[in-house]
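One structure is given below, encoded as structure tokens.
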Amino acid sequence: MKTIKNMKTDWTTFAVSGGFLFLFVILSLINIEMVEGWVTNSFNWSVTFFGAYWQLLLLGNFVIGIILAFSKYGNVKLGKMEKPENGYFRWISMILCTLLASGGVFWAASEPIYHFVTTPPLFANDGMTPQEAVIPALSQSFVHWGFLAWACLGTLTAIVLMYVHYHKGYPLKPRAILYPILGKKVFNKSIIGSTADIVSIIAIAAGTMGPIGFLGLQIGYGLHFLFDIPNTLATNIFVIGALILIAAFSVASGVDKGIQFLSRLNVIFVVALTAIILIIGPTMFLIDSFISAQVFQFHHFLEMNLYRADQAWLGYWTIFFWGWFLGYAPMMAIFISKISRGRTIRELIVAVSIIAPLVSNFWFTVVGGTGLSLELINPGSISMALADGGMPASVMAIMDQLPMGLWLAIGFLLVSIVFVSTTVDSISYTVSVTLQGTDHPQKWMRVFWAILFGILSIVLLTIGEGSIQALQNFIVVTAVPVSILLLPPLWSTPKIAKQMAKEQLIIPSEESTKEVKIKIVK
């Protein structure tokens, strides 16, 4: 095994990826309509020609991961470490506060209402009553933010990265995913390797700046709704600036301090908020809906995940989400790799592919399900707010109709602030790891990317919300090359798991088998 030394910064990747982001912002400043047109055309092309592939890719990733987890290879320990670096609660907290958690805050109140008002096309012809439409609405949200979505972020790909980095001693970069098929040459001034790193950085940067802008707008709306603070561009810029400062301080202190502290703090906030809403809200309705929607999802699992009939709806919902999450996958796998040393394959896959989705689904049920309950009692009370004021309005409309509504709304704002900060700090860390090839990148590099994300998000916000939406759609375009990068782990991960199982004497190696045969012969 090679010994990892201080890695030099990959200035080529730094310049190309950073330059591309600046170019996107400059072109948006010059002519946002032109940029939106380019992005829309590219988005439509990506959805048309790669949508089916993405659906099969995510399904295959999840199924292979589950088979590995509950096979004899599930006992393999990762990262060349006997005991985990992070305790279980700290570890799960950091996993839960990655991309999907941040996005889940944004979508939890609104997506179930969207699917309730307009039943997903797979079930649209079933003639459902409003009460019957609740379960498909929740289930469709579970699909988009559940098992397949979480699994693609940090299971098979993370196992490959941990093996290549910690066992073989090569840099912790997205290009390491290709090591099992290209060998060490992928690290030696490889055009393919550099391309893998660059598209991964651009994809995650685009996908991070979008949520920064959207959640900044949500927080700004909440401040106006609660405290009558003017919901102006200046307020939104101030909010984003504060979020980025928190993220910068967090990432500067490192994964083991700032990031894990904010993650644990946020999980505590979410658990408290969930418990309060569950107690003072429609308790039995939420519990029954969660169980029924999970059963409904399992019953229609393949149908919902492989649905192909309505291309327009798929592009707006499922394929959009799959492209977004795939764009994040290599960099999130780097973060998962860093925090999961000493864990077994079974622990990793169960945590990311089962525990995290169930927690996410329950959060969607508590927040979105409460909105559904209120909508059933008083039709239009949530859906009209959503139609008039967008996603931020739906959150406040739900909280406003509950006892202790003011305090719950404040709690929701705090959760949003910390979730954005934990997402930005973890993404800044992974980009820095990619550029420097080590899981201990320099502090200035980590802080630089956190601040850059904030500055570019603010600039795009000054152009208009359309620029943020264009950037959000652009991640689906960048997911095309990234999704090709994520195909090899489907067959290379089982081979790597088998190799590590032999090294750890979980299964007999060929040499030990030969020795036994020789002894028997003697």
Side-chain angles (χ1 to χ4, degrees), residues 1-2 4 53-54 56-82 148 150-188 190 192-193 196-197 200 326 329-334 336-338 340-354 439 481-516:
M1 171 183 165
K2 296 183 177 181
I4 299 174
Y53 165 61
W54 290 349
L56 291 171
L57 178 64
L58 263 71
L59 181 62
N61 185 84
F62 173 73
V63 171
I64 292 171
I66 295 298
I67 293 172
L68 271 181
F70 294 99
S71 71
K72 55 190 173 184
Y73 302 130
N75 296 318
V76 170
K77 287 197 173 182
L78 299 165
K80 286 190 80 70
M81 186 172 284
E82 283 300 312
L148 271 60
W150 277 96
C152 85
L153 294 182
T155 52
L156 302 187
T157 310
I159 293 170
V160 174
L161 288 172
M162 294 178 81
Y163 176 73
V164 176
H165 181 61
Y166 295 112
H167 292 255
K168 292 296 182 180
Y170 290 102
L172 190 57
K173 296 170 177 274
R175 67 176 71 192
I177 299 168
L178 299 174
Y179 173 81
I181 58 175
L182 297 179
K184 64 181 181 181
K185 65 183 179 181
V186 78
F187 295 102
N188 298 329
S190 166
I192 295 176
D197 292 346
S200 296
L326 283 167
M331 307 299 280
M332 280 291 93
I334 288 176
I336 297 295
S337 299
K338 163 59 182 172
S340 302
R341 294 191 71 185
R343 296 289 172 185
T344 65
I345 286 178
R346 182 174 298 115
E347 287 177 310
L348 173 64
I349 292 174
V350 168
V352 177
S353 299
I354 298 178
D439 57 5
V482 173
S483 65
I484 296 172
L485 177 66
L486 296 174
L487 181 60
L490 266 63
W491 62 81
S492 61
T493 304
K495 293 180 180 179
I496 287 172
K498 183 178 181 180
Q499 178 61 34
M500 288 192 289
K502 290 179 180 178
E503 293 172 1
Q504 297 175 24
L505 304 180
I506 294 171
I507 62 174
S509 64
E510 293 177 4
E511 289 76 11
S512 61
T513 304
K514 288 180 182 178
E515 290 177 5
V516 171

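Note that NE2 of H167 and CE of M162 are 7.0 Å apart. Values are rounded to the nearest 0.5 Å. Here the CG-OG distance, from D197 to S190, works out to 9.0 Å after rounding to the nearest 0.5 Å. Within the model, atoms CZ of R343 and CD1 of I336 stand 12.0 Å from one another, a figure rounded to the nearest 0.5 Å. Separation of atoms CG (L161) and CG (L156) is listed at 11.0 Å; rounding is to 0.5 Å. Between atom CZ of residue R175 and atom OG of residue S200 there is a gap of 10.5 Å, rounded to the nearest 0.5 Å. The line from SG of C152 to CG of L486 is 7.5 Å long, rounded to the nearest 0.5 Å.
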Using the side chain to side chain contact (heavy atoms under 4.5 Å, CB included) rule, take I345 and N75 through it: C-alpha gap first, then chi angles, then the decisive distance, then the call.
-> CA-CA 6 Å; I345 286 178; N75 296 318; over 6 Å; no

Might you work through the side chain to side chain contact (heavy atoms under 4.5 Å, CB included) test for T493 and Y163, ending with a clear yes or no?
-> CA-CA 9 Å; T493 304; Y163 176 73; over 6 Å; no

Side chain to side chain contact (heavy atoms under 4.5 Å, CB included) between L78 and Y166: does it pass, once the steps are laid out?
-> CA-CA 8 Å; L78 299 165; Y166 295 112; over 6 Å; no

Evaluate the criterion side chain to side chain contact (heavy atoms under 4.5 Å, CB included) for residue pair V186 and I177; output intermediate values, then yes/no.
-> CA-CA 10 Å; V186 78; I177 299 168; over 6 Å; no

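With K77 contributing its side chain and E82 its backbone, the two residues share a donor-acceptor pair below 3.5 Å. Side chain of Q504 to main chain of A501: no donor-acceptor pair is present (N/O by atom type, distance under 3.5 Å, no hydrogens or angles). Under the 3.5 Å distance criterion, the side-chain polar atoms of R341 are matched with a main-chain donor or acceptor of G79.
Of all heavy-atom pairs spanning V164 and K168, the tightest one is O-CB, 3.2 Å. The shortest heavy-atom contact between P174 and I334 is CD-CD1, 3.8 Å. Considering every non-hydrogen atom in both T344 and G74, the closest pair reads CB-O, 3.4 Å. Of all non-hydrogen atoms in V160 and P180, the two that sit nearest each other are CG1-CG, 4.0 Å.
The shortest distance between side-chain heavy atoms of S337 and H165 does not fall below 4.5 Å. Residues L57 and L490 form a side-chain contact, since some pair of their non-hydrogen atoms from C-beta on lies under 4.5 Å apart. Two residues are said to be in side-chain contact when any heavy atoms from C-beta on lie closer than 4.5 Å; I506 and M500 fail this criterion.
When the side-chain hydrogen bond (donor to acceptor under 3.5 Å, both in side chains) test is applied to E503, the partners found at least two apart in sequence or on another chain are Q499.
The aromatic rings of F187 and Y179 sit tilted, their planes meeting at an angle between 30° and 60°.
Other residues, nucleotides and ligands contribute only 12 or fewer heavy atoms inside 6.0 Å of the CD1 atom of I192.
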Validation: residues 59-66 side-chain donor-acceptor distances under 3.5 Å, sequence neighbours left out:
unit_1	atom_1	unit_2	atom_2	d
N61	ND2	A151	O	3.0
N61	ND2	T155	OG1	3.3

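Side chain to side chain, S483 and W54 meet the donor-acceptor criterion of an N or O pair below 3.5 Å.
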